[in-house]
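Structure record follows, encoded as structure tokens.
Proteins get letters first, then strands, A, B, ... in listed order; numbering begins at 1 in each.
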Number of protein chains: 2
Amino acid sequence: MSDKNLPNQVSANTLRRLPYYLSYLKTLKNTDVSYISAPVIASELDLNEVQVRKDLAAISSVAGKPKKGFEIDVLINDIQAYIGCDVNNCGILVGAGHLGRALLAYSGFEAYGLNIIAAFDSNPAAVGKDIAGKSVYHTDALLDFCKKTPVTIGIITVPAEDAQEICDLLIKANVKAIWNFAPVKLCTPDGVIIQNENIAASLTIINKKLAEQF
Amino acid sequence: MSDKNLPNQVSANTLRRLPYYLSYLKTLKNTDVSYISAPVIASELDLNEVQVRKDLAAISSVAGKPKKGFEIDVLINDIQAYIGCDVNNCGILVGAGHLGRALLAYSGFEAYGLNIIAAFDSNPAAVGKDIAGKSVYHTDALLDFCKKTPVTIGIITVPAEDAQEICDLLIKANVKAIWNFAPVKLCTPDGVIIQNENIAASLTIINKKLAEQF
DNA sequence: GTTTTATCGATAAATTGATACTGATATAAT
DNA sequence: ATTATATCAGTATCAATTTATCGATAAAAC
């Protein structure tokens with residue numbers, strides 16, 4: 001049973017806020033304060049005080065102390081543990097275009113438990129290259145690669161029209177989760193985790209707000 | 001007055017779905033069908049039928065026809081217009097690291113009305129380079145640049161600890177919106193639009209789902 | 001031309017997430 | 001030691017979003 005004393009139904013919104021808490025708490029680590037209260041976090045991060053308390057209660061087993069707040073070090077540890085900083089998932093990336101290369105080179109994912117170990121592309125010009133110390137193989141080699149080295153997370157950075165095909169391939173390769181950067185809904189069997197990253201959506205929101213303002 | 005016959009309070013969630021509608025509708029353009037119904041879109045995109053209808057009603061002035069649905073071409077046009085594909089916003093990017101370079105090179109933003117015209121970095125090694133035809137200048141030159149060439153959108157891809165400083169600089173340079181890729185809450189005066197892009201959040205969600213499953 | 005039916009649009013219900021409120025409690029001040 | 005107070009945790013309220021229901025209607029079938 002996956003029974004913990006923490007609620008196992010934390011909303012995606014809460015999850016989204018965790019990295020912000022973490023980043024803020026880390027800025028306090030160098031200072032001399034060792035406790036932080038929910039109202040202070042809330043005002044710094046422009047959130048509601050109760051919301052902060054609920055978020056923290058959901059992911060941390062430690063209780064806050066009246067008049068002082070929460071112990072910063074403990075909070076940092078709990079958030080990191082909850083986020084999965086301690087896990088180590090192997091990932092491969094398919095589509096070594098601009099976006100793909102950037103993600104390959106980006107070093108921030110290790111802090112969130114993801115280790116991208118290789119990339120794949122069907123473009124002969126990309127195959128064989130080395131990006132940030134990671135090799136780019138031909139997509140045809142993907143299945144064999146995953147037989148030898150079990151991969152948990154597949155990252156899709158191919159154009160929208162190719163995304164489903166790559167998705168099918170990744171599922172055949174037995175990945176447990178797919179992180180999809182193409183703006184398309186992928187068809188997947190039950191049990192495979194899909195996380196859509198939607199950069200265009202943010203631009204849409206910006207455009208809308210800009211248009212509203214003027 | 002910014003009065004249209006469309007509701008001007010479309011939720012962020014709806015906005016987030018629009019790119020998916022658009023991408024799906026475009027796949028139908030090559031086929032021989034010219035009408036699409038809300039139930040079909042819903043099942044393809046794994047959404048609720050009513051939700052699809054509401055989203056479309058919010059952004060399109062055209063009515064759907066019983067037994068047929070919505071005219072695909074009209075929908076595509078309406079979504080594109082709403083998203084702001086037709087606008088042309090000038091953007092600059094600060095922080096020509098891995099992520100920054102990727103965004104510079106990524107060609108998909110034009111389709112959403114954003115044209116990144118230059119990049120800035122304080123690292124001498126990056127200054128002077130050309131990335132995807134766009135020059136990287138020193139951050140010190142940012143203010144002058146924006147005086148000559150008005151910039152609407154500032155993109156922050158610097159490390160978390162430098163983000164606020166760059167944010168202040170961009171505001172001094174009179175940008176109207178800031179697209180922030182650092183996982184920190186930025187302090188800004190009223191009137192400046194902030195859109196946070198939070199790649200770490202997605203990883204958090206994936207990790208959580210993976211942990212739940214096993 | 002009439003009937004059947006898929007889909008629409010609108011309204012209502014339910015769910016979810018955010019915010020406000022209240023009593024309890026540990027810390028700090030007197 | 002006693003009092004005052006900031007903050008916590010839990011409960012209740014409120015707002016927003018999603019989902020369900022229902023009559024109306026245009027297209028298709030007969």
For this session: Would you sort out whether A:Lys208 and B:Tyr82 count as a side-chain contact (heavy atoms from CB on, under 4.5 Å), showing the intermediate values?
Result: CA-CA 8 Å; A:Lys208 217 56 231 159; B:Tyr82 197 86; 3.4 Å; yes
Exercise. Run the side-chain contact (heavy atoms from CB on, under 4.5 Å) check on B:Val192 and B:Lys176 step by step: do they pass?
Worked result: CA-CA 5 Å; B:Val192 176; B:Lys176 303 282 178 285; over 6 Å; no
For this session: Begin from the C-alpha positions of A:Asp55 and A:Tyr21 and carry the test side-chain hydrogen bond (donor to acceptor under 3.5 Å, both in side chains) through to its verdict.
Result: CA-CA 10 Å; A:Asp55 286 346; A:Tyr21 294 133; 2.6 Å; yes
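Nucleotide D:dT19 holds its P atom 5 Å from the CG atom of B:Asn48, rounded to whole Å. For A:Glu49 and D:dA9, the CD to C1' distance is 12 Å, given to the nearest whole Å. Between the P atom of D:dC8 and the CG atom of A:Asp55 lies a distance of 13 Å, rounded to the nearest Å. D:dA15 atom P lies 16 Å from atom CD of A:Gln51, rounded to whole Å. Computed from coordinates, the B:Arg16 CZ to D:dT18 P distance equals 10 Å when rounded to whole Å. Put simply, CZ on B:Arg53 is 17 Å from C1' on D:dT17, counting in whole angstrom units.
How far CD1 of B:Ile59 is from NZ of B:Lys54: 15.0 Å, rounded to the nearest 0.5 Å. Separating the OG1 atom in A:Thr204 from the CD1 atom in B:Ile83 is a distance of 4.0 Å, to the nearest 0.5 Å.
Applying the 4.0 Å criterion to OP1 and OP2 of D:dT18, one finds that B:Arg17 has a side-chain N or O inside that range.
Considering only the side chain of B:Lys54, D:dT19 comes nearest among D:dA26, D:dT19, D:dA6. With D:dT18, D:dA27, D:dA6 as the choices, the nucleotide that has an atom nearest any side-chain atom of B:Asn13 turns out to be D:dT18. Closest to the A:Ala38 side chain, of the nucleotides D:dC8, D:dA6, D:dT19, is D:dC8.
A 4.0 Å heavy-atom criterion places the boundary nucleotides of DNA chain C facing chain B at C:dT5 to C:dA12, written 5' to 3'.
In terms of position on DNA chain C, the residue among B:Ile36 and A:Lys65 whose nearest nucleotide sits closer to the 5' end is B:Ile36. Nearest-nucleotide positions on DNA chain D for B:Lys67 and A:Ala63 put A:Ala63 closer to the 5' end.
In terms of the ring pair (Phe, Tyr, Trp, His ring centres under 6.0 Å) criterion, residue partners of B:Phe109 (sequence neighbours excluded) are, by chain and number, B:Tyr106, B:Trp179.
Contact annotation for A:Tyr35: no contact, since no heavy-atom pair falls under 4.0 Å across all strands.
Remark: A:Lys185 is not positioned above the aromatic ring of B:Tyr20, lacking an NZ or CZ atom under 6.0 angstrom from the ring centre and at most 45 degrees off the axis.
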